[in-house]
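Here the structure is laid out as structure tokens; the discussion comes afterwards.
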Amino acid sequence: MISESTAHVPFRLFSPPDVQAGAAVALGRNHASWFLVLARPEELCPSRPIFCLNFALPDDRSAFDARSAGGKHVFAVGGAMSDDIMDHLTALLDQEGCAPVNVVEVYPNNPFYLRALVEVLVPDRELMYACARCGKWETQLGPRFMRCGGCRRRCYCSTKVRSCVQLCS
Ligand SMILES: [Zn+2]
């Protein structure tokens, strides 16, 4: 038994300043990818991820555990949707008025459409996770998923999964 729950800490909700309370989103992780995901359950909104946020690069800046100098997760934003993604990310605020990310570096004329490197300000436990087996996202009303205590990376919606080894090795 090597799974542990992200416990009773809820994932952190963010809202654009000009939008009604029902449209809260969370910063989500599915394997090495980062997403902006609607917090409401599937029954209310079937298509929950709004954007895949990160841009894969052929170097360490897009690795699963890429970190900033300050030790925080970092990911690269780029590609055709990068203007939209940056507009969303920089407009979101939580209940205390804090943003989900901090822009570490911008790349104005990058030939590979790399736009910016951002640092994640949300603690790991307050991110929303997708189940590494079925892809379902955590919801605002449901229980937090169990995290594999071995790799400490993948989360599962079912407690029947005992370890990542049987699924992910
Ligand atoms: Zn699942």
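Counting starts at 1 for both ligands and their atoms, following the listed order.
W137 contributes atom CH2, which lies 13.0 Å from atom SG of C157 (distance to the nearest 0.5 angstrom).
A heavy-atom distance below 4.5 Å is not found between the side chains of V122 and H73. Between R12 and L27, every side-chain heavy-atom pair lies at or beyond the 4.5 Å cut-off.
For the side chain to side chain donor-acceptor pair (under 3.5 Å) condition, no pair includes a residue of residues 28-39, sequence neighbours left out.
The number of protein N/O/S atoms found under 2.8 Å from the Zn ion (ligand 1) is 3.
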Under 3.5 Å donor-acceptor pairs involving side-chain atoms of residues 81-88, not counting sequence neighbours:
from : atom 1 : to   : atom 2 : distance (Å)
S82  : OG     : G79  : O      : 2.9
D83  : OD1    : R115 : NH1    : 2.2
H88  : ND1    : D84  : O      : 3.0

Compile the donor-acceptor pairs under 3.5 Å between side chains in residues 97-108 and protein atoms, sequence neighbours left out, one pair per line.
from : atom 1 : to   : atom 2 : distance (Å)
N102 : ND2    : E119 : OE1    : 3.1
Y107 : OH     : R61  : NH1    : 3.4

